[in-house]
Amino acid sequence: MTVALAALLVLQTPGSLFDTSLRAHAQVRELSARIVLSGTSEGRKANSVIGLYSTPSVLVMRVQEPQRPGLERTDRTYRVSGSRFDGYDAVANERLGREVPNRGTPAEKMAFALGALEEAPAVLLSNGRMKKLFESLKAMPGWKRSLGPGVLKLTRRGAVKGQNLGEAQVLFGAKNHLLRELMMKGRGSELHWTIVYDALKVGFGPPADARRVSAFTVAEAPPKFATREAKRSYERMIRAAAGIRTGTVLIRDQDVSVRLAFQGRSIREGRSGFVWVFDGSSLSVHNSITKKFYRGMARRSDVIDVIAKLGGRVDPWSRYVLLRRVPFKDIVGSGDSVSVGGSMTISGVERTILRAVRARKRVSFSVRSDNRLPDSIQVELLDLDSRLLSSSRRTYEYVRLNGTQPAAEFHLVPPKGTRVLPLPAIKILG
């Protein structure tokens, strides 16, 4: 067997090994694999385990990540079948379901639902992605061939001109030629994939008591604080935001003005040309630009999708209310360092300036002393050389916080002569 493998290796050039592997992956109709990922980028270490089970019609993917600075461990499984996307978070015991466009491969549908796939599963699930990766590897000079236990091995050392790459290794199965391992090292970065095939088949079976949600909870640790005063001011702001039960909020930025009112199960959002009201079971929408009015039964978790289908968008503050999340808590994370940047008094009310800084992002909160809430938030994005790329600022005015809102706020009627249309269909997923 060793002689046969040696003869095979002699016949295979580095480029032809990549081509042979690509053809072998193209023949796989049912994939069951376990990928162990590790790496370092910009001084941050990451590692995870991804389980895959894929056929031409179904994809199940389980992503497990250990506890790391700023985040608790995660164990989430996702499934795509037809136009249905399901997810289950084993740590939080939460499940979600939604509709996805019934076109493309299961991997393309899952990427649509999640926003993107990690590079390793994306490569295994798409011959186009794998071909692109292999073409870039083939173009690198200096590959050397060798044999390992059950594998064909390519290794190279030395920098590649114009690329941050110093060392690389690729392993293929000696019999099936499937990609088994990929390792690349460069200045300050390292990537390592280890792939095992015919692993235990990944299944999807959330328990009956899993809580149904529209978005998984992210258990992120608090940011770092430069001083006790910074910690105290930030925590007061978050407690004040978490304590809001009802109110009206006027929101402005450079592009739009939004008026939001909420109380109990009801919420109303209005902006130029578009108003919607949700009372916990029924959604009414008036698009005055298209002169159309819609009304129908809806679930809270479907409101954001329905509004998008009707040409609108749900403001981040409204998302907090719909998803029952604490306002502003997601803006600052464990990678930020929070400090007090000073104070100022406007119209007799003192403001504390809180600054949260991380690589390539700066956030400034102007926090009122009377209600402990921010009346403005400015976000600046920076490039690799810390030069300003973009800046945005939102202001907030609070009315009747934790007081009774007028009942008329939550009644939206069609203009005279306007026909009431049904809401677009959102498939109910169990």
Considering all heavy atoms of both residues, which atom of Phe112 and which atom of Pro101 are nearest to each other, and what is their separation? CE2-CD, 3.3 Å
Taking only Lys NZ, Arg NE, NH1 and NH2, and the carboxylate oxygens of Asp or Glu, determine whether Arg228 and Glu235 approach each other closer than 4.0 Å. no
When rounded to the nearest 0.5 angstrom, what is the spacing between CG in Leu389 and CZ in Arg387? 8.5 Å
Minimum-distance pair of heavy atoms, taken over all atoms of Arg358 and Gly335: CB-O, 3.5 Å
With sequence neighbours excluded, what pairs up with Arg372 under the salt bridge (charged side-chain N to carboxylate O under 4.0 Å, His left out) test? none
For Glu269 and Ser318, test the side chains for any donor-to-acceptor distance below 3.5 angstrom and give the result as yes or no. yes
Under 6.0 Å between the ring centres of Phe262 and Phe278? no
Residue pair Leu423 / Ala298: nearest heavy atoms and the distance that separates them: CD1-CB, 4.2 Å
Non-hydrogen side-chain atoms of Tyr197 and Leu179 separated by less than 4.5 Å: yes
Answer yes or no: is there a side-chain heavy-atom contact under 4.5 Å between Leu322 and Ile304? yes
Quick one, Ile377 and Val363 - any side-chain contact, counting heavy atoms below 4.5 Å? yes
Test of understanding: with salt bridge (charged side-chain N to carboxylate O under 4.0 Å, His left out), list the residues that count as partners of Glu181, not counting sequence neighbours. none
Less than 3.5 Å apart, any donor N or O on the side chain of Glu380 or Gln378 sitting next to an acceptor on the other? yes
Can Asp375 and Tyr398 be counted as having a side-chain donor-acceptor contact under 3.5 angstrom? no
Salt bridge between Arg98 and Asp305, side-chain N to carboxylate O under 4.0 Å? yes
Partners of Tyr88 by side-chain hydrogen bond (donor to acceptor under 3.5 Å, both in side chains), sequence neighbours excluded? Asn93
Please give me the minimum heavy-atom distance between Leu59 and Pro106, naming the atom from each residue. CB-CB, 3.6 Å
Is the backbone N or O of Thr74 less than 3.5 Å from a side-chain atom of Gln64, with the two atoms forming a donor-acceptor pair by type? no
Check the pair Val36, Arg34 against side chain to side chain contact (heavy atoms under 4.5 Å, CB included), reporting the backbone distance first and the verdict last. CA-CA 7 Å; Val36 179; Arg34 182 174 180 265; 3.9 Å; yes
Solution key, residues 124-134 side-chain donor-acceptor pairs under 3.5 Å, sequence neighbours excluded:
unit_1, atom_1, unit_2, atom_2, d
Ser126, OG, Gly128, N, 3.3
Ser126, OG, Arg129, N, 3.2
Arg129, NH2, Glu119, OE1, 2.6

Mind jotting down which residue pairs meet the salt bridge (Lys or Arg N to Asp or Glu O under 4.0 Å) criterion with at least one end in residues 242-256? Sequence neighbours excluded, please. Arg252-Glu397, Asp253-Arg394
Roughly how far apart are Ser339 OG and Tyr234 OH, rounded to 0.5 Å? 13.5 Å
For a 4.5 angstrom cut-off between non-hydrogen side-chain atoms, does Phe274 reach Val285? yes
Let me see the working for Met140 and Arg156 under side chain to side chain contact (heavy atoms under 4.5 Å, CB included), right down to the final yes or no. CA-CA 9 Å; Met140 297 175 185; Arg156 66 166 310 282; 4.1 Å; yes
Are the side chain of Asn402 and the backbone of Gly243 linked by a donor-acceptor contact shorter than 3.5 Å? yes
To check you understand the geometry: which heavy-atom pair defines the closest contact between Phe410 and Arg268, and what is its length? CE2-N, 4.1 Å
Heavy atoms from other residues, nucleotides or ligands near CD of Glu229 exceed 12 (cutoff 6.0 Å): no
Residue Asp198 excluded, over 12 heavy atoms near CG under 6.0 Å: no
Rounded to the nearest 0.5 Å, how far apart are CZ of Phe365 and CZ of Arg351? 16.0 Å
Can you spot which of Thr246, Thr248, Leu373 makes a side-chain contact (heavy atoms from CB on, under 4.5 Å) with Leu401? Leu373
Under the salt bridge (Lys or Arg N to Asp or Glu O under 4.0 Å) rule, what pairs show up with a residue in residues 17-27, not counting sequence neighbours? Asp19-Lys138
How far does CG of Leu191 sit from CG of Leu37, to the nearest 0.5 angstrom? 8.0 Å
Taking atom CZ of Arg271 as the centre, does the number of heavy atoms from other residues, nucleotides or ligands within less than 6.0 Å exceed 12? yes
Going from OG on Ser282 to CG on Leu412, what distance comes out if it is rounded to the nearest 0.5 angstrom? 10.0 Å
Hey, is the main chain of Ser38 close enough, under 3.5 Å, to the side chain of Trp193 for a donor-acceptor pair? no
Do the side chain of Asp336 and the main chain of Val338 share a donor and acceptor less than 3.5 angstrom apart? no
Under 4.5 Å between any side-chain heavy atoms of Leu283 and Ile307, yes or no? yes
Hey, what do you get for OH (Tyr78) to CE (Met110), rounding to the nearest 0.5 Å? 9.0 Å
Which atom of Arg145 lies closest to which atom of Pro14, heavy atoms considered: CD-CD, 3.8 Å
Which is it for Leu17 and Phe172 under the side chain to side chain contact (heavy atoms under 4.5 Å, CB included) test, yes or no, and what are the steps along the way? CA-CA 8 Å; Leu17 274 175; Phe172 305 97; 4.1 Å; yes
Please test Leu52 against Ser54 for side chain to side chain contact (heavy atoms under 4.5 Å, CB included), starting from the C-alpha separation and ending with a verdict. CA-CA 6 Å; Leu52 292 175; Ser54 174; 5.7 Å; no
Using the rule salt bridge (Lys or Arg N to Asp or Glu O under 4.0 Å), only one of Arg76, Arg62, Arg212 pairs with Asp89; which is it? Arg76
Atom CD of residue position Glu118 - does it have more than 12 heavy atoms of other residues, nucleotides or ligands inside 6.0 Å? no
Is any side-chain heavy atom of Val303 less than 4.5 Å from a side-chain heavy atom of Trp276? yes
Note, Ser364 side chain near Leu354 side chain (heavy atom, < 4.5 Å): no
Can you find a pair of side-chain heavy atoms, one from Arg84 and one from Val100, that are under 4.5 Å apart? no
